There are 2 protein chains.
Amino acid sequence: MSRVSSRITLQDVAREAGVSLATADRVLNGRAGVREATADRVRDVVARLGYRPNAAAARLARGETYRFCFVLPSGPNVFMRQLAEQVTNTAEWLSAHNAYIDLVRVDVFAPETLASTLEGLIGRYDGVAVVALDHPRVRSAIDDLTAAGMVVVTLVSDVPSSHRRHYVGVDNIAAGRTAGTLIGRFAGGRTGSVGLIVGTPALRDHAERQFGFTQVLSGEYPALRVLPARESLDEDARTQAIAEQMLREVPDLVALYNVGAGNSGIAGALTSAGQAGEVVFIGHDLTDDTRRFLLRGVMDAVIHQDAGHQSRSAARVLLAHCSGEPLFDEQERIRIDIFVRDNLP
Amino acid sequence: MSRVSSRITLQDVAREAGVSLATADRVLNGRAGVREATADRVRDVVARLGYRPNAAAARLARGETYRFCFVLPSGPNVFMRQLAEQVTNTAEWLSAHNAYIDLVRVDVFAPETLASTLEGLIGRYDGVAVVALDHPRVRSAIDDLTAAGMVVVTLVSDVPSSHRRHYVGVDNIAAGRTAGTLIGRFAGGRTGSVGLIVGTPALRDHAERQFGFTQVLSGEYPALRVLPARESLDEDARTQAIAEQMLREVPDLVALYNVGAGNSGIAGALTSAGQAGEVVFIGHDLTDDTRRFLLRGVMDAVIHQDAGHQSRSAARVLLAHCSGEPLFDEQERIRIDIFVRDNLP
DNA sequence: TTTTTCTTGATGTTCGAACCTCAGATCGGA
DNA sequence: TCCGATCTGAGGTTCGAACATCAAGAAAAA
């Protein structure tokens, strides 16, 4: 049996170090007016006793409230709607920690709008989480925010070259590779063509998934030929039209990978062509629709990134950076979930 | 833009309801001596204003410390070692919430020992998380604990018929089904036999996985014949011997599913038989070993349940039940993770 | 030696809620 | 109408840390 922790207050530390509470306090909060030797003594005792400030008391005493802003894309995208909903839940949870979230939705396909929205946030928040577009204007807006002393994290879609403090989201190249491996395996040694549908290659996450997917298929499944990517703009109707055309014109079609939204369109096309369950179909993001497609055998796997995790993680990261509390990195890693019919949550 | 929360104190509620702080306090903490009509008025205002007690202040004021005990199996099982490590991390996190964890390890294959260990905990803790054996003695020990007013949650392996307050873990039938579907798909239309290795059918989770697996394979992949299950007792050497024997004696072996531990043994057998990558191999629990096997192509998929999630979830559940704080169910659902080479964390 | 500057201790207030006591107020029943 | 029982208000204390102020003592500079 191992007692893993204890409860030690600043009082204990002060007594043990032979200084007053005030001095111990000055050391711990980096206030001036303590001889270096004394400060060291205090720090020693802190380490030896394993003193950990009572977070509840500290927050209560500070009485600070943090203001965060989450900037998400507007539009009908189901995943983004889920994310917005989860942000609302997160806000409720955060309110117990003296932090408030405002939620802003802007047009994701307009870098100028996004950039100017971001710039309008300067000084009004302590931290910003943004589903970013990798565009020079957006990058410079992010840098402006950090220059103004705000903590910025990118959410779902990264801008690696910016000064964002953290990226909360998955490795989309790995997500694409995962799709590639699953399609390669599910195709079961068949030879033929694989249809590839993206929302728009202008979105960094779509481009990365496409890259990872093609990499795996062309490298390891030579029997499968990846057709040139078609753009759906994430619209159901357009996606359906593309899928229908493929089913008509590609006789040896063995699989479909949909990088973006619009899975309902593909399911519709497969079903009406009588090919549901025949053509391997993998897409992204678990929704009511894709869950149903999995259960019906229309989709074979869904690659997912949990909106709730990402929202909470972004909030924790913002909070930790603003209040100086520690972060458990391992807990903040967002995973690439694979769902098949049998492990649906 | 939507401001999702606010900060309202009990003071505000009392003022708005036209009562004193003391009365509002009595209502919220269920203390006697308030007329029902007045209490209703207060509750109305609480709802209307969306008052949420400041958790930090509440905990500070209560000053309670909760003592939890985590009872895990002893022995060399890697997953259980991971779990123990994560419990230690969780303990550190919990110490910021005035809660302490003791960690006890007992022999999992001895229901008597487990049961008497549990009974020895009575009165010494506020809550217990236990990796339970589904055995009448253990069940009655759990019921004794709850009868003594302690909160008990089962971890990883459930005892559904007991009075445990909560089960933190995955649906192991679903996990077995997931393995079945993946093997069925990965086998790619081949015809042949599938080897099935369990630790011991006495463990509920093993039995459930076996059940789910067999259900899917026999129901949906008639070309695959599931061999009678062999028992490995979770030992590498034994597992290896079984795998070697299967590889020798079953000429049409197309896949192996290992329900318990001992994946290294199977990997060894496959490699030395020159069958690595030929025979589909799926097992449980991501470890350094299984990760390596995935990357080398010896294993095709690993079904995983995150030890860190489970440990933290158990702690949150215990804390919530003891302190009466709310739980977000959705966050406490443990997922069945599927890992292939490309989505390793 | 005398100032000035630097350290330190002592002491207090604040945060929001939990919990306690005591004195009135109100109410029902006899 | 009066009595006890039941409400309610007012006030205080506590938790642990953050932060402020003031004065005493020590060390360094003049």
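Residue numbers start from 1 in every chain, and the chains themselves are labelled A, B, ... in the order their sequence lines are given, proteins ahead of strands. Just so you know, these numbers come straight off a predicted model, no measurement behind them.
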Could you tell me whether R31(A) and D25(A) make a salt bridge, using a distance below 4.0 angstrom between a side-chain N and a carboxylate O? yes
Distance check: side-chain N/O of T38(B) vs OP1/OP2 of dC7(D), anything under 4.0 Å? no
Result for side-chain contact (heavy atoms from CB on, under 4.5 Å) between L155(A) and one of V128(A), V130(A), V131(A) points to V131(A)
Check this one for me: any side-chain N or O of R35(A) less than 4.0 Å away from OP1 or OP2 of dT8(C)? yes
State plainly whether the residues R43(B) and E36(B) are in salt-bridge range, i.e. N to O under 4.0 Å. yes
Residue V34(A), side-chain heavy atoms: nucleotide from dA17(C), dT8(C), dA17(D) that is nearest: dT8(C)
Out of Q86(B), Q305(B), E332(B), which one pairs with Q310(B) under the side-chain hydrogen bond (donor to acceptor under 3.5 Å, both in side chains) rule? Q305(B)
Using only atom types and a distance under 3.5 Å, with no angle test, would you say the side chain of E16(A) pairs donor to acceptor with the backbone of V46(A)? no
Selected nucleotide, minimal atom distance to T9(A) side chain, candidates dG16(D), dA17(C), dC7(D): dG16(D)
Short N-O contact, R335(B) and D337(A), less than 4.0 angstrom: yes
Whole Å only: how far is the CD atom of E36(A) from the P atom of dA26(D)? 21 Å
Which ones in residues 13-31 of chain B lie close to DNA chain D, meaning a heavy atom under 4.0 Å from one of its atoms? G18(B), V19(B), S20(B), A22(B), T23(B), R26(B)
Looking only at dA17(D), dA17(C), dC15(D), the nucleotide nearest the L60(B) side chain is dC15(D)
Between the first and last five pairs of the helix from dT2(C)-dA29(D) to dA30(C)-dT1(D), the angle of the axes, rounded to 10 degrees: 30°
Is the phosphate of dA17(D), meaning OP1 or OP2, less than 4.0 Å from a side-chain N or O of Y51(A)? yes
Which heavy atom of T9(B) sits nearest to which heavy atom of Y51(B), and what is that distance? C-CE1, 3.6 Å
Aromatic ring proximity H309(A)/H304(A), centre distance under 6.0 Å: no
